[in-house]
Amino acid sequence: MSHAIKRLFYEQGVSPAIYELDEDYSRGKDMEWALMRLGCNPSVPAVFIGGKFVGSANTVMTLHLNGSLKKLLKDAGAIWL
């Protein structure tokens, strides 16, 4: 699902900051536990927009399908149109 979410953001014209937890050997597990405490289960992908936790892949796809994702991205300054 992480690949699908990255692709969705790229298609929207967003250049997201991406943290690959499985590649961050020193802090990856700690970040994964913190995400789970925020309620993200499974812990990845965890999406933050404008510094606010939005949710997991299901939440992002729901926002995209109902048209809310674009507004969140605009409000966060991630896209201009």
Side-chain angles (χ1 to χ4, degrees):
M1 287 308 288
S2 295
H3 175 74
I5 297 302
K6 285 191 270 188
R7 185 176 177 106
L8 171 66
F9 282 120
Y10 290 135
E11 289 173 356
Q12 299 295 314
V14 175
S15 296
I18 299 172
Y19 299 94
E20 301 284 353
L21 299 185
D22 59 338
E23 294 175 10
D24 188 345
Y25 301 112
S26 63
R27 300 178 309 154
K29 278 293 181 194
D30 291 336
M31 287 190 278
E32 186 174 2
W33 281 105
L35 291 169
M36 290 175 72
R37 284 192 301 271
L38 282 174
C40 199
N41 191 12
S43 59
V44 291
V47 177
F48 292 78
I49 297 176
K52 296 180 183 173
F53 178 60
V54 174
S56 63
N58 288 340
T59 303
V60 172
M61 292 308 290
T62 299
L63 292 170
H64 174 60
L65 292 173
N66 73 22
S68 301
L69 181 62
K70 196 162 275 211
K71 181 177 180 349
L72 285 174
L73 294 170
K74 284 181 190 175
D75 291 347
I79 58 174
W80 309 110
L81 302 174

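When a residue number appears, it is its place in the shown sequence, counting from 1. Predicted, not measured: the structure shown is a model, and the values here were computed from it.
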Checklist entry - Under 4.0 Å between a Lys/Arg side-chain N and an Asp/Glu carboxylate O for R27 and D24? => result yes
Using residues 70-81 as the side-chain source, report each donor-acceptor pair under 3.5 Å to any protein atom, sequence neighbours left out, with the distance given to one decimal.
unit_1, atom_1, unit_2, atom_2, d
K71, NZ, D75, OD2, 2.7
K74, NZ, L81, O, 3.1

Let me check something: do F48 and L21 share a hydrophobic cluster, defined by ILVMFWY side-chain heavy atoms less than 4.5 Å apart, either directly or through other members? yes
Same cluster (ILVMFWY, side-chain, under 4.5 Å), M31 and F53: yes
Original post:
Tell me, do V54 and T59 make a side-chain contact under 4.5 Å, heavy atoms counted?
Top reply: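 V54 vs T59: side chains touch.
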Quiz item: Can you tell if the side chain of V44 reaches within under 4.5 Å of the side chain of D22, non-hydrogen atoms only?
Solution: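 Sidechains of D22 and V44: no contact.
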Quiz: residues 2-12 side-chain donor-acceptor pairs under 3.5 angstrom, not counting sequence neighbours:
unit_1, atom_1, unit_2, atom_2, d
K6, NZ, E20, OE2, 2.9
R7, NE, E11, OE2, 3.1

Q.
Which heavy atom of S26 sits nearest to which heavy atom of D30, and what is that distance?
A.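 That would be O-OD2, 4.5 Å.
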Side-chain donor-acceptor pair present, S56, N58, cut-off under 3.5 Å: no
Exercise for the section: Apply the test side-chain contact (heavy atoms from CB on, under 4.5 Å) to residues V60 and I49: give CA-CA distance (whole Å), side-chain angles for both, the deciding distance (0.1 Å), then the verdict. Expected result: CA-CA 10 Å; V60 172; I49 297 176; 5.9 Å; no
For Y19, the ring pair (Phe, Tyr, Trp, His ring centres under 6.0 Å) test, sequence neighbours excluded, returns none
